[in-house]
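Scroll down for the structure; my scribbles are underneath it.
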Amino acid sequence: MGIPAGAGRLLGSGRTADVYALDDSDDHDGLDDHGAPGGGAWVLRRYRDGYGDAPAEAAVMEYVRGHGYPVPRVRAAADARPRTDLVMERLYGPTVVEALAAGQLTAGEAGLALARLLRDLHAIPARRSADPAVRVLHLDLHPENVLLTPAGPVVIDWANTDEGPPGRDWSMSAVIVAQVAVDDDPRAPMAEEMLSALLADCPDPALLTGPNGGLGWATGQRAANPTMSSREVELLGEAGELIRRLLA
């Protein structure tokens, strides 16, 4: 799949997508500006191997942004554009992981920041469901998906977004951090401190470990994720035990 006219250099690559700079001197083959007046720099995120549904992801991002939640502005793609392409505002600032490495915040502060972002997200009514217990979920909210911009934290990478009980979101974030905390990794002590702060600010431990808690669901989702390495899957049991111990 070729890169559309106006695409610039590769800015970064993740497990499922590549991000390219875009030349904002034109409207990129019919892309309409859904953001606030004034525009700015934009990037193209292109999913690989047929992964992702960019229009659906953009719709959720615009919905939560309309409720004041910090996400990048997005541009809608023309009908002919691949569903793998998402054009969004280019943001500047370190990820939480990079800020931790640079000593710009502590692991405890990082955990509290994640908890605050989860709380704020779950205060937004569901976009589709009328069930008051259902909320918009990110389902991949971890330190590498939060950018610390001059305007404040911004949550990126909404590829896994869905609606459901908030416990699933809390559980997924906790499991992702816990996998690092239980690994043979120099970042493990910092990850455990972050996890402890995240869980301490959870409104109710039952969201994760209660009869209808999301911890079992989250570990199952991680185990079934094709982007997980065998080592990451092996760590899930110990990660779940750590979470339960910290919540006890």
Side-chain angles (χ1 to χ4, degrees), residues 19 22 24 31-45 52-77 86-99 104-105 108-174 176-177 194 197-204 207 214:
V19 179
L22 281 179
D24 203 38
L31 294 173
D32 296 322
D33 193 349
H34 269 209
W42 299 86
V43 297
L44 165 70
R45 190 179 71 198
D53 185 347
E57 184 176 352
V60 175
M61 292 172 69
E62 284 292 86
Y63 175 75
V64 298
R65 184 170 177 267
H67 284 266
Y69 196 75
V71 298
R73 290 181 294 148
V74 297
R75 281 179 163 179
L86 178 64
V87 175
M88 59 186 174
E89 175 186 11
R90 184 173 182 179
L91 300 172
Y92 297 88
T95 65
V96 167
V97 169
E98 292 167 340
Q104 296 172 349
L105 79 168
E109 290 169 338
L112 288 174
L114 294 179
R116 188 177 307 113
L117 289 166
L118 285 168
R119 284 176 176 271
D120 289 348
L121 178 60
H122 301 153
I124 300 172
R127 188 170 70 97
R128 299 187 308 267
S129 175
D131 185 344
V134 170
R135 288 291 187 264
V136 176
L137 309 179
H138 184 279
L139 297 178
D140 200 22
L141 209 168
H142 58 76
E144 291 185 346
N145 281 340
V146 179
L147 294 178
L148 301 179
T149 75
V154 177
V155 180
I156 61 172
D157 196 352
W158 291 75
N160 294 342
T161 185
D162 201 351
E163 294 185 358
R168 291 184 175 184
D169 231 358
W170 283 95
S171 297
M172 187 64 78
S173 293
I176 292 171
V177 177
M194 186 190 314
L198 167 68
L199 295 176
D201 206 40
C202 178
D204 184 355
L207 289 171

- Side-chain donor/acceptor of T95 to backbone N/O of V146, under 3.5 Å: no
- Looking only at heavy atoms, what is the nearest atom pair of M194 and L114, with distance? SD-CD1, 4.1 Å
- So, R65 and E89, do they make that salt bridge, N to O below 4.0 Å? no
- Message: Tell me the closest heavy-atom pair linking V74 and W42, and the distance in Å.
- Response: C-CZ3, 4.2 Å
- Item | Separation of R116 CZ from E109 CD (nearest 0.5 Å) | 9.5 Å
- Separation of H122 NE2 from H138 NE2 (nearest 0.5 Å): 10.0 Å
- For the student: nearest non-hydrogen atoms of W170 and P203, plus distance: CZ2-CD, 3.4 Å
- Rounded distance (nearest 0.5 Å) linking atom CG of N160 with atom CG of N145: 9.0 Å
- Message: Please give me the minimum heavy-atom distance between G214 and S171, naming the atom from each residue.
- Response: C-OG, 3.1 Å
- Item | Nearest heavy-atom neighbours spanning L86 and A58 | CD1-CB, 3.7 Å
- Query: Are any side-chain N or O atoms of H142 and backbone N or O atoms of M172, one a donor and one an acceptor, separated by less than 3.5 Å?
  - Reply: no
- Task: Carefully, step by step, assess L139 and D169 under the rule side-chain contact (heavy atoms from CB on, under 4.5 Å).
- Result: CA-CA 5 Å; L139 297 178; D169 231 358; 3.6 Å; yes
- Message: Check whether T149 reaches the backbone of G93 with its side chain - one donor and one acceptor, N or O, closer than 3.5 Å.
- Response: no
- Query: Hey, does L117 have a side-chain heavy atom less than 4.5 Å from the side chain of P70?
  - Reply: yes
- Item | Closest heavy-atom pair and its distance - I124, Y69 | CD1-CB, 3.8 Å
- Can you check whether A59's main-chain N or O pairs, donor with acceptor, with E62's side chain at less than 3.5 Å? no
- Note on the structure: Distance col, row R45:CZ vs L22:CG, nearest 0.5 angstrom, shows 13.0 Å
- Gap between atom CG of L207 and atom SG of C202 - 0.5 Å precision: 4.5 Å
- Residues passing the salt bridge (charged side-chain N to carboxylate O under 4.0 Å, His left out) test with R119, sequence neighbours excluded, are D201
- Query: According to the salt bridge (Lys or Arg N to Asp or Glu O under 4.0 Å) rule, which pairs have a member within residues 123-145, sequence neighbours left out?
  - Reply: R128-D162
